[in-house]
Amino acid sequence: MPSDIAFPGRFPSTRLRRNRRHAWLRALVTETRLSVDNLIWPLFVHDLPEAAAVPAMPGVSRLSIEGVVAAAAEAVSLGIPAIALFPVIDPSLKTDDGRLAVDPDNLVCRCVRAIRQAHGNALGLICDVALDPYTSHGHDGLLRDGEILNDETVAVLRQQAVVLADAGCQVVAPSDMMDGRVGAIRDALDQHGHDGVAILSYAAKFASAFYGPFRSAVGSAANLGGGDKKTYQMNPANGDESLREVALDIAEGADMVMVKPAMTALDVIHRVKAGFGMPTFAYQVSGEYAMIHAAAAAGMLDLEAAMLESLLSIRRAGADAVLTYFAPTAARCL
Ligand code: PBG
């Protein structure tokens, strides 16, 4: 029995089922709550006038900028505090060095400006800092002779973060897993008058099979070919190492830390929250979403119940907020 749990006594004087006997009593003794305040909605934006469905993610589409502005209005009306934006870049614009990432007129910057114009500061805007939407090889960093270059990539990420902050993004989220990028981005933001822009670090991001649908949605799967990201994303076998990643990112100035994926790393979420007491976010990634949908479509699970239980479990593990493609659906249920 862990020392922080009161010893429950003995049967038959102690009967734990007593507290489960009535709905009102179950409500009173509920430990973890899921609220719309805990949800962040990831959205895909492309540079086309019409929305295009993402085949592996039922209910998710790549949206035009106008479509994202409308979704942002929906988020505001549902009470969802923030959205996370992911650009789908035309393959003809991708380059080896992903230089479009630092262009202030790129798709995501235009989208950020449009949202800020429509919604001011009423809605949080979180943007990924990573090169994978922009590189012809699909990697998050610069590639030379088969190697992902760390420090050279970080130099570009600094510029990317500043360009996003200039456009009006209030939270930048480095998702690339290069070493030292949080400190470098903090420094660049401060130098450019953005000391109020927060950093949500994808601190413990595992090299996961569950990103598959996302990569097909943004087109990086094709660019990556058979390649993987194991030289920068973490080995799913390693829990202690994830704590070192988080510790470093906090030391470098992360305002919030993220664990990703969520359901395969609930232990990591728990250790991070318990160990650091930081605002801790979790990303219920595309594969987790697809898996629940597929099982529901096959009649194997109840979609709404499985969705809410999955989100609640991520909260119980210790996540303050969850990035989830279920955000609008869950918000309607709550
Ligand atoms: C890329 C990035 C990825 C996701 C968010 N940002 C994919 C990857 O690392 O290959 C995955 C999100 C998801 O699967 O829902 N920097």
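Along the sequence shown, residues are numbered consecutively beginning with 1.
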*Strictly under 6.0 Å, is that where the ring centroids of His139 and His137 end up?*
yes

*Is there a side-chain contact (heavy atoms from CB on, under 4.5 Å) between Leu125 and Ile83 once you walk through the steps?*
CA-CA 5 Å; Leu125 262 180; Ile83 61 174; 3.7 Å; yes

*No-hydrogen, no-angle side-chain donor-acceptor test under 3.5 Å, Lys230 and Asn235*: no

*Does one side chain, of Gln233 or Ser208, offer a donor that lies under 3.5 Å from an acceptor on the other?*
no

_Run the side chain to side chain contact (heavy atoms under 4.5 Å, CB included) test against Leu334 and tell me which residues pass, sequence neighbours left out._
Leu34, Leu39, Leu308

*Excluding sequence neighbours, so at least two apart, what forms side chain to side chain contact (heavy atoms under 4.5 Å, CB included) with Ala52?*
His46, Arg62

*asked:* Run the salt bridge (Lys or Arg N to Asp or Glu O under 4.0 Å) test against Arg99 and tell me which residues pass, sequence neighbours left out.
replied: Asp97

*List in chain and number order the residues that pass salt bridge (Lys or Arg N to Asp or Glu O under 4.0 Å) with Asp190, two or more places apart in sequence or in another chain; answer none if no residue qualifies.*
Arg186

Of all the heavy-atom pairs spanning [X] and [Y], show the shortest one and how long it is.
| X | Y | answer |
| --- | --- | --- |
| Leu43 | Ala71 | CD1-CB, 3.9 Å |
| Ala82 | Ile126 | CB-CD1, 4.2 Å |
| Asp140 | Ala130 | OD2-CB, 4.1 Å |
| Gly141 | Thr135 | O-CG2, 4.4 Å |
| Ser216 | Ala221 | N-CB, 4.1 Å |
| Ala198 | Met256 | CB-CE, 3.7 Å |

So, using side chain to side chain donor-acceptor pair (under 3.5 Å) as the criterion, who are the partners of [X] when residues are at least two apart?
| X | result |
| --- | --- |
| Gln191 | Asp187 |
| Asp179 | none |
| Ser92 | Asp90 |
| Asn38 | Arg315 |

Does the distance from a Lys or Arg side-chain N to an Asp or Glu carboxylate O, for [X] and [Y], drop under 4.0 Å?
| X | Y | result |
| --- | --- | --- |
| Arg144 | Asp96 | no |
| Asp240 | Arg271 | yes |
| Asp249 | Arg181 | yes |
| Glu309 | Arg316 | no |

*Among residues two or more places apart or on two chains, list those pairs meeting ring pair (Phe, Tyr, Trp, His ring centres under 6.0 Å) that have a residue in residues 51-110.*
Phe86-Phe214

*asked:* I need the full list of ring pair (Phe, Tyr, Trp, His ring centres under 6.0 Å) pairs touching residues 245-273, with sequence neighbours left out, sorted by first then second residue.
replied: none

Answer yes or no: is there a side-chain heavy-atom contact under 4.5 Å between [X] and [Y]?
| X | Y | value |
| --- | --- | --- |
| Ile80 | Ile40 | no |
| Glu304 | Thr329 | no |
| Val218 | Pro133 | no |
| Leu78 | Pro328 | yes |

*Report the distance from atom OG1 of Thr153 to atom OH of Tyr232, rounding to the nearest 0.5 Å.*
9.0 Å

*Quick one: pull up CG in Asn150 and CE in Met177 and give me the separation to the nearest 0.5 Å.*
11.0 Å

*If a pair satisfies side-chain hydrogen bond (donor to acceptor under 3.5 Å, both in side chains) and one of its residues is in residues 256-265, list it, with sequence neighbours excluded.*
none

*According to the side-chain hydrogen bond (donor to acceptor under 3.5 Å, both in side chains) rule, which pairs have a member within residues 115-129, sequence neighbours left out?*
Arg116-Asn121, Asn121-Gln170, Asp128-Ser175, Asp128-Tyr202

*List the steps and the verdict of side-chain contact (heavy atoms from CB on, under 4.5 Å) for Val285 and Glu288.*
CA-CA 5 Å; Val285 299; Glu288 299 176 69; 3.4 Å; yes

*More than 12 non-hydrogen atoms from neighbouring residues, nucleotides or ligands closer than 6.0 Å to CZ on Arg18, yes or no?*
yes

*Dump the intermediate steps for side-chain contact (heavy atoms from CB on, under 4.5 Å) on Leu149 and Leu143, then the final yes or no.*
CA-CA 6 Å; Leu149 306 175; Leu143 180 67; over 6 Å; no

*Should Gln284 and Ser310 be marked as a side-chain contact (heavy atoms from CB on, under 4.5 Å) after you check the CA-CA gap, both sets of side-chain angles, and the distance that decides it?*
CA-CA 9 Å; Gln284 183 178 53; Ser310 68; 2.9 Å; yes

